[in-house]
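Right, one structure below, let's go through it.
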Amino acid sequence: MGAALPHDLRCDHRTTPLGVAGRPSLGWRLEGADPIAYRVDVGEVWSSGRIEDPDAICHPYDGPPLLPRTRYAWRVTLWDGTGAARTAESWFETGNDAWTAAWIAPDPHAVEHVDPPTEGERALAAHGLLPCPQLRRSFEIPRAVSTARLYISAKGLYHALINGRRVGDAELAPGWTDYRERLQYQTYDVTSLVGEGENALAVTVADGWWSGFAGFDPRQPGYHYGRFPELIAELHLTLADGSTRVVMTDGSWRTAHGHVRHGDLLKGECHDLRAATPGWDLPGFDDSAWHPVVVTGADHHLLVPSADEPVRVLRELAPVSVTRTGPLTHLVDFGQNLAGRVRLAVPAQEPGTRVVVRHGEKLEDDGRLHTANLRTADATDMLVTASTAASFEPRFTYHGFRYAEISGVERLGEVKAVVLHSDTRWTGTFECSDPEINRLHRNIEWGQRGNFVSVPTDCPQRDERLGWMADAQVFLPTACLNADVAAFFAKWLRDVRDAQSPEGGFPNVAPRLTGVAEEGAPGWADAGVLVPWHLYTVYGDARFLDVDSMAAWVDFVLRHNPGLIWREKTGPHYADWLAPGPATPREVVATAFFHRSAHLTARAAQVRGRYGEADRFHSLASGIRTTFIKTFVDPRGAVMGDTQTGYLLALAFDLLPAALARRAAERLAELVEENGPQAGFLGVNLLCPVLSATGRPDLAHALLRRTDPPSWLHQVRNGATTVWERWDGEGAPSMNSFNHYAFGSVGEWLYTGVAGIAQAPDSVAYRELVIRPLPGDLSWARASYESARGRIAVSWERADEDFRLSVTVPPGASATVHLPDGRVHR
Ligand code: BGC
């Protein structure tokens, strides 16, 4: 087994990040023997000292304030029982906490408009799509450069080049936050892009979420945060002689429009190559005919270093077919519904030829693109050619699509779908003997790819793409198994807290934008408590638990509902959204979540050592439970409404005493047997877990393998390559997305149920595993998971009467293994 080895060192849940702020959390994974003690050292600056804790996998930096723009080496030492010590090393770099650059904008009107848009202006925001400005400046570097860092952000989106070469590989940067509260900047190591002599920094900016179209409210389609894109950047150079220089955005920059005639997240992008300005991104370019930029301000207080990995191009797909559908029209099928864009090579054409790319998730019966479900998202990109062959890929937009219709040219060059999403490392694998279940698992993974784009979204295709909080909350357990989403959700939790009202109310969507109901609904707003708790249990970092924010939410609901039934302040109350069966009574749904949030807030307070609050929220939770039983549960265990989701919430949230819980579980089983699944967004993630936990894994399997609608495999049998918004995929096109992950939350149970990788109820960061494979009629399954502690793997197979199981457990973890015949091994 060897010594206890630390590996995969992470700072604030990222590998060697640039731009760290504050006191980062330093984490590691384990290999080899069980550790008995650890120590963390950050350079010569700070040491945790040796700590006798066999369970630890992270420790917050607790030394003196870190210097800005500085690289720190750090290391973890682990001791095992033999006294052997092993060390692993990594580094992180701190961010720019002392900005001096100015915000600059190309549009003179921007100076008059530094205040956020008014309601009336937002209403008028059906603005024409404007060209994306180019901004540039040349500068001299007197001698060789030893290090160079670019700190950069935009109100809008930016695409930066130094001496004609792309800076970094982030897409849609700086990402989406509520820009009234917080604006992320990115840090790039650009040492290899600069050099002695004249250099050029060249940036194109676009509206993005800042001033472009976002969301679905026809009264406020755009201009959510501002009117014009603006840029800020500082390039810090350390030269070979040790001297330093800073090149920054200021009034000396020049601006002009170029070939990007517009770029909008929902509407699409247009490049007119006849308007290109060749060489503008290179030194030596004469920009004297360009306009001076305007300086719009020098406020830096909202700038924060980005907390997660950016959106990147993470895959490319070749078409499975390209069909000529007219003299100048082609239909491309990529075989996979995805979020991203098309990259297209266009052979030389008559200058001014318009090549139009439209996108759709499905085809109509007559073979045309189905675009009705995009609503006002035009999702249309255009290239206007100059005289030479060209390659076209938009930069400031993305679309949800499987098919693209390309028109305007007789012949196409190479066509690729470029897949974009927030870069979260994949941690899970799952496979079993049923190929349709494997397809379902892949569809769930694709749903995650398509909807983790800077924020967790509901869907990537229509004019919505918002950080809907229930969708995120129900899918989170699945997401955490598929990928390491710690940093992604750490960033989003800031968005959630930014969106919390001064009274404590959480909203329905985060980041907040204007026009969407701000008062949160049960199960949506509660994500502000459920998400941090789940992240803590998966990743073991207690910093996810912001007890003040969680407590403020629960107290908000309590203040308006002192009788402990949640009736007031339920926002738009979406109840059990898109449930196909009878509706679960709203008060039952709401009060169950009220209990859940109070209970988890109590546990979070306990973890953070705030025992007084822990007691208070524990008694509140127990009061809500008693009131729930008194008001909604009859002596035979029937929960008011007699719906699947009513029973699921009551059982999963432990709202019933044992005897009533038994009756409720029986009734749930009857309802599932009679009707198949009838849960909507708030119950679907609980269906298989609750059925199997209450002794009916057979029924959970029956649901999983059911092919009649409503069912998961009905989608698979009908050609789904992602998970649909509605169980049956039927319904008005205006609300019928084919890439919505909420119903994909069954993905969790593929790992925890079918394969049997789960942690014990009170375990944190997979310290105590429960390996309980539930084979159903399957003949084999295998799954693996790179947990925060280390690698977990299960593989089982049935041959005649034999059940063969192999299990890998990470160091420092214990496992209880339950075999299908009832035997238990510890
Ligand atoms: C979104 C959902 C969201 C819901 C609120 C829809 O339009 O697409 O996924 O949770 O609104 O009920």
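Only this structure's heavy atoms are used, side chains among them; waters, hydrogens and symmetry mates stay out. We count residues from 1, following the sequence as given. Indexing begins at 1, ligand by ligand and atom by atom, following the structure's order.
Using cut-offs of 30° and 60° on the angle between ring planes, the pair W724 and H714 is perpendicular. Taking the six-membered ring for Trp and thresholds of 30 and 60 degrees, W210 and Y225 have nearly parallel ring planes, at less than 30 degrees apart.
Salt-bridge formation is not detected for the pair R596/D526: no Lys NZ or Arg NE/NH1/NH2 atom is positioned less than 4.0 Å from an Asp or Glu carboxylate oxygen.
Between the side chains of D495 and T177, not a single donor N or O lies within less than 3.5 Å of an accepting N or O. Side chains of N739 and E361: a donor-acceptor N/O pair is absent below 3.5 angstrom, by distance only. In this structure, a donor-acceptor pair under 3.5 Å is present between the side chains of H399 and D381.
Protein residues lining ligand 1, listed by chain and number: D458, R462, E464, W468, D471, W524, Y574, W577, F681, E725, H740 [non-hydrogen atoms, distance under 4.0 Å].
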